[in-house]
Structures are given as C-alpha cells and as structure tokens.
Participant: 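Okay, here's the structure, questions in a sec.
For clarity, every value in this text was computed on a predicted model and none was experimentally measured. Chain identifiers are assigned alphabetically (A, B, ...) following the order of the sequence lines, protein sequences preceding nucleic acid strands; residue numbering begins at 1 within each chain.
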Amino acid sequence: MIDVKLLSENPDTFRASQRARGADESLIDAILAADSARRESIASFEALRAQQNAFSKRVGAAKGEEKQALLAEVKELSQNVKAAQAASDEAAAAYSALQRSIPNLIMDGVPSGGEDDFTVVKHVGTPRDFAAEGFEPRDHLELGELLGAIDMERGAKVSGSRFYFLKGVGARLEIALMNMALDLALQKDFIPMITPTLVRPETMQGTGFDVEHDDEIYKLERDDLYLVGTSEVALAGYHANEILDLSAGPTRYAGWSSCYRREAGSAGKDTRGIIRVHQFNKLEMFVYCSPEESEAEHAKLLALEEEMLAKVELPYRVIDTAAGDLGMSAARKFDCEAWVPTQDAYRELTSTSNCTTFQARRLNIRERETGADGKPGKTRSVATLNGTLATTRWIVAILEHHQNADGTVNVPVALRPYLGGLEVLPLL
RNA sequence: GGACACGUGCCAGAGCGGCCGAAUGGGCUUCACUGCUAAUGAAGUGUCGGGGUUAUACUCGACCGGGGGUUCAAAUCCCCCCGUGUCCGCCA
C-alpha cells in the first residue's frame with residue numbers, strides 16, 4: 001500500500017500517477033478525507049478511553065458504597081467508549097480499504113497508458129533470417145514433437161487444456177535451464193529457496209493480489225489456500241511482520257517453484273504449445289533492500305536477466321512497461337522479450353518489477369534505521385523487487401531460434417554443460 | 001481425522017480480573033573499575049497509532065499468537081481461528 005503521509009504532502013504527484021495508470025484520480029481526495037475522519041474519530045475515542053481508564057483506577061481502589069456510586073457513574077461512560085471505539089474502528093477500516101485500493105506510485109519516466117504504450121529501451125541481437133537460410137522455421141510445438149520433448153495431447157488427457165508433459169530432452173532442457181539460472185544467481189550471492197506453492201489469503205493479498213476478484217488465481221476452497229502464480233508471493237511473505245537488518249546490503253533470494261495460472265481471460269490466445277499454460281516452473285529473483293537502493297537493484301536484476309538471455313543466445317528487446325500495465329505493486333517494470341520466429345513477434349521471457357515500499361507496507365516488513373549518532377534509530381518500510389531468471393516459456397524461444405532445417409536444435413554453448421555436453425537436440 | 005497440553009518482550013521464563021507494558025535471569029548498549037581480556041558494579045534496552053514540536057521533549061491510546069465476547073476493568077475468564085508439542089488412528 002502507498003504511503004499516505006507522502007500522499008498528503010504531494011497529492012498532485014499521486015493524481016498524476018493515477019492518471020498515467022488510467023486509474024481513479026478521485027481516490028486521492030477520498031483517502032485524504034478518510035484520513036482526517038479517522039484522526040478525528042481516534043482522538044475522540046481516546047479521550048473517552050483515557051477518562052474511563054482513570055475511572056477504573058478509582059473503582060478498583062474504592063470500596064463499599066463509594067464503589068457502587070462510581071460503578072453506576074462509569075457504566076454509562078463505558079457505553080460511550082464502546083460507541084466511540086466502534087466509530088473509530090469503522091473510520092479506520094474505511095481508510096484502510098481506500099489505502100489498499102490505490103496502486104503504487106509510478107516512477108518518473110514510466111510511460112503513460114496501457115499494454116501497448118510501452119517504450120522500447122533497446123534491442124539486443126538480430127532475429128534470424130530463415131528466408132535467407134532457405135527454410136521455413138517450425139514452431140516450438142512441432143519441434144517439441146519431433147524431438148519427443150513436448151507432449152500436449154497427453155497433458156490434455158491427464159489434466160485438460162493448457163497442460164503438457166515435458167519429456168526426454170524437453171524435461172532435461174528445462175532442468176538445465178533452471179540449473180544454469182540457479183548457478184548464475186548463486187554466483188551473485190542470491191540465497192537459493194524452494195518455496196511453498198500454496199499460500200494463505202493474507203500472503204496473497206500482502207503481495208498485492210486481489211484474491212476476491214483476480215480470476216487468474218487458483219483457489220483451494222476447502223482449505224482457504226491459494227496456488228501461487230509465482231514464487232514472488234512466498235518470498236515476499238517470507239519476511240512478513242519482521243524487522244530486517246539490511247545494514248550489510250540487500251538480501252537477495254532465488255526462488256524455484258512451480259507456478260499456477262488460470263488464464264481465465266485468455267481463451268483462444270496462445271492455445272498452441274507451451275507459451276501460455278496453467279503450470280510452469282520459474283526461477284525468480286527477489287530482493288529486499290533500502291528504498292534508496294531500489295533503483296540500482298532494479299538495474300542489477302535487469303542486467304542478470306540479460307545475462308541469462310545472452311547465455312541462451314537469443315535476440316531480444318527490453319521494454320519499459322506502461323503505467324496501466326504495471327499491476328498494483330510495481331512502480332516500474334522492465335520486460336525482456338525474446339524473438340519468436342514463427343510468431344514474428346517478441347514475447348515476454350522475463351519481467352522485473354520495482355515495488356518500492358508498496359509490498360513491504362502491506363506485509364509489514366521494515367528495517368532499522370541508523371540514527372545520526374550511529375545507534376539504532378527508527379523503523380521504516382523496506383523496498384522489494386522481483387525478476388525472472390528463467391521459466392518454462394524460454395524453451396519456446398530456444399527451440400525456435402536455434403532450430404535446424406532438419407528439425408534438430410542446436411544447444412546454446414553455455415547450456416551444454418547442463419545437458420551433459422549435448423550440442424544438438426536430436427530427433428526422436 | 002481424534003485426544004491432551006502449550007503460545008508472554010531480543011532469548012529463557014514468572015504472572016492473583018484492577019497495584020502489569022508486564023517479575024526474575026540471560027543477551028545487548030552506555031558508563032565506572034581493571035595494563036589488555038575476563039570478572040564486577042550502575043543505568044538503559046519493544047512496536048504501532050493520536051496530540052504536540054522545525055526536530056526533540058512531553059503527553060494520551062493500543063498491543064502479552066490472531067479475531068470476537070463477558071466485565072466498570074482482561075496477559076489473566078469464555079468462544080472461534082492459527083501455530084507448536086505429545087499420544088492414537090490413517091496414508092504415502
């Protein structure tokens with residue numbers, strides 16, 4: 001959630017942010033009003049409570065008739081306190097609901113608008129010219145079947161549409177990819193984690209997902225648990241309600257988990273192959289750091305993603321996502337999109353978000369400031385960031401981009417050690 | 001799935017319905033003492049929110065796993081939930 005103190009000091013900045021996102025600007029004035037209503041009701045409740053506390057002390061000390069008299073007097077006061085408390089609770093709830101409904105303040109430079117209004121930061125590498133090479137590229141599913149790597153039909157038989165089996169070199173390729181990503185993360189001092197994939201509603205909500213309305217999320221009704229769409233959720237919840245010591249620098253995790261998405265709104269889109277599926281694996285980076293460090297960390301996460309893309313030798317572009325496409329928690333988001341030959345399009349392989357203090361506020365994750373005297377000072381919210389290091393979807397781009405005319409696929413050099421030295425994925 | 005027990009501050013651990021934001025011990029910080037370390041002595045040591053201040057100070061309220069309830073008054077009594085432990089059952 002957003003920092004209302006900051007908002008009350010710079011309401012216009014927040015209005016502009018809302019506008020850029022295509023979100024409701026009137027929420028800004030609504031929350032300012034709710035805040036002052038809340039303060040007022042708290043003040044009157046606490047004044048009454050203080051009176052009651054003073055009375056209670058006297059009741060405890062008194063005896064006999066005096067006590068009876070005091071009791072009679074304080075009884076009415078007690079009713080007033082209850083009413084004032086109820087009013088104050090209500091005002092606080094209204095305020096909190098508003099606070100939770102306002103998305104993160106976007107950063108300077110984030111383009112305004114929706115999904116298509118991103119700006120391209122750069123292009124790296126060149127898409128292969130298959131026409132010049134003299135053959136028509138096969139799509140990843142056709143290749144996957146030729147290699148015995150992907151089995152969609154049986155996926156559907158066992159689990160339904162958008163489920164699949166990775167088999168043989170397909171399974172090995174995914175494990176290789178994940179391991180290569182993990183090694184890169186380890187090299188950069190990320191702490192490896194294998195995370196829960198079922199989480200409680202609080203964890204889901206804390207991370208910025210709306211469990212009530214988001215129909216991307218799988219819910220286990222019977223157990224009141226949710227399947228995560230990314231290990232970001234578990235990694236954000238990991239330090240909930242804690243005060244971290246970040247004095248030695250950011251804490252960085254690399255979470256490996258399966259991810260689950262309902263893809264409810266995407267009927268008919270990407271129905272072929274494993275581009276858009278209900279379940280996939282992902283190696284996710286997650287960072288806790290001080291707010292001042294967040295932009296530099298964001299750049300580092302992006303650089304690591306690019307390092308991975310370089311390792312698998314894919315041409316890609318980096319985009320700065322537009323405000324309306326950021327999601328609730330992010331203040332800025334960069335996606336790396338790889339060239340997918342048979343789609344003649346760039347498709348998202350990684351996504352890294354700077355959530356500044358937004359998630360941390362919801363999850364109550366703080367750090368201890370160092371005072372001017374060098375002693376421990378006050379607490380404040382930390383910043384959180386996340387970014388993709390590898391996912392199942394990478395297989396799509398790797399197969400298609402590195403394919404040969406006969407349907408075999410060259411293994412990127414950096415990936416070979418993870419496939420036992422295999423240089424070419426052979427036909428089945 | 002069933003039964004019982006437990007959940008208190010950085011840790012351990014006491015706590016009678018009012019005198020409990022909470023004993024005691026340890027840790028940590030500061031000071032004193034000591035040639036250094038150790039030992040010893042003294043003081044301090046939570047979070048959130050309201051008011052107040054340029055900022056402190058100060059002041060008020062809340063917090064003893066979470067949420068409700070009883071009561072003038074709840075760490076203390078009652079209910080629900082969550083977690084932990086032990087035993088039984090069941091399953092991999």
Participant: By the definition salt bridge (charged side-chain N to carboxylate O under 4.0 Å, His left out), identify the one residue from A:Arg393, A:Arg162, A:Arg261, A:Arg276 that meets it with A:Asp270.
Facilitator: A:Arg276
Participant: At under 4.0 Å, does any side-chain N or O of A:Lys378 touch on OP1 or OP2 of B:U56?
Facilitator: yes
Participant: Could you work out which one of B:U70, B:G50, B:G18 sits closest to the side chain of A:Lys82?
Facilitator: B:U70
Participant: Given the side-chain rings of A:Phe286 and A:His239, with only the six-membered ring counted for Trp, is the space between their centroids under 6.0 Å?
Facilitator: no
Participant: Using atom C1' in both nucleotides, what's the gap between B:C4 and B:C48 to the nearest angstrom?
Facilitator: 36 Å
Participant: Taking B:C82 as the reference, what is the distance to B:C90 when you measure between their C1' atoms (whole Å, please)?
Facilitator: 24 Å
Participant: Write down the distance separating the C1' atoms in B:G68 and B:G13, rounded off to the nearest Å.
Facilitator: 29 Å
Participant: Mind calculating the distance between CZ (A:Arg366) and C1' (B:G49) to the nearest angstrom?
Facilitator: 12 Å
Participant: Can you tell me the distance, in whole Å, between the CD atom of A:Glu242 and the C1' atom of B:G9?
Facilitator: 17 Å
Participant: Rounding to the closest angstrom, what is the interatomic distance between B:A12 and B:U59 at atom C1'?
Facilitator: 34 Å
Participant: Nearest-Å distance, CD (A:Glu76) to C1' (B:C72)?
Facilitator: 13 Å
Participant: For A:Glu73, answer base if it contacts any base atom (sugar-phosphate contacts may also be present), sugar-phosphate if it contacts only those atoms, and nothing otherwise; contact means non-hydrogen atoms under 4.0 Å.
Facilitator: nothing
Participant: Looking at side-chain heavy atoms only, is the closest gap between A:His298 and A:Thr352 below 4.5 Å?
Facilitator: yes
Participant: Write out a two-atom table: protein N or O, nucleotide N or O from nucleotides 62-69 of chain B, distance below 3.5 Å.
Facilitator:
unit_1	atom_1	unit_2	atom_2	d
B:A62	OP1	A:Arg49	NE	3.2

Participant: Would you please confirm or rule out a distance under 4.0 Å between OP1 or OP2 of B:C72 and any side-chain N or O of A:Lys75?
Facilitator: yes
Participant: May I ask you to test the A:Leu177-A:Tyr418 pair for a side-chain heavy-atom distance under 4.5 Å?
Facilitator: no
Participant: Rounding to a whole Å, what distance do you find between A:Arg380:CZ and B:U47:P?
Facilitator: 15 Å
Participant: The side chain of A:Ser78 is closest to which nucleotide in this list: B:C72, B:G83, B:U47?
Facilitator: B:C72
Participant: How many whole angstroms separate atom CG of A:Asp223 from atom C1' of B:C81?
Facilitator: 15 Å
Participant: Quick one: A:Leu48 CG to B:A73 P, roughly how many Å, whole number?
Facilitator: 13 Å
Participant: What's the CZ-C1' distance between A:Arg39 and B:C48, to the nearest Å?
Facilitator: 14 Å
Participant: Assign A:Arg38 to base, sugar-phosphate, or nothing according to its heavy-atom contacts below 4.0 angstrom with the strands shown.
Facilitator: sugar-phosphate
Participant: On a heavy-atom basis, which atom in A:Pro103 and which in A:Ile2 lie closest, and how many Å separate them?
Facilitator: O-CG2, 3.4 Å
Participant: Check the pair A:Ser231, A:Lys282 against side chain to side chain contact (heavy atoms under 4.5 Å, CB included), reporting the backbone distance first and the verdict last.
Facilitator: CA-CA 8 Å; A:Ser231 62; A:Lys282 180 150 71 113; 5.9 Å; no
Participant: Sticking with atom C1', work out how far B:U47 lies from B:U8, rounded to a whole angstrom.
Facilitator: 15 Å
Participant: Quote, to the nearest angstrom, the P distance that separates B:A55 from B:A38.
Facilitator: 42 Å
Participant: Give me the distance, rounded to whole Å, that separates B:U71 from B:U86 when you measure between the C1' atoms they each carry.
Facilitator: 36 Å
Participant: Is the NZ or CZ atom of A:Arg154 both under 6.0 Å from the centre of the six-membered ring of A:Phe165 and within 45° of that ring's axis?
Facilitator: no
Participant: If you check every side-chain atom of A:Arg368, which of B:G46, B:A73, B:G83 has the closest atom?
Facilitator: B:G46
Participant: Mind checking the P distance from B:A22 to B:A62? Whole angstroms is fine.
Facilitator: 13 Å
Participant: Do the rings of A:Tyr260 and A:Tyr218 sit parallel, tilted or perpendicular, given the 30° and 60° boundaries?
Facilitator: perpendicular
Participant: Quick one: A:Ile42 CD1 to B:C60 P, roughly how many Å, whole number?
Facilitator: 17 Å
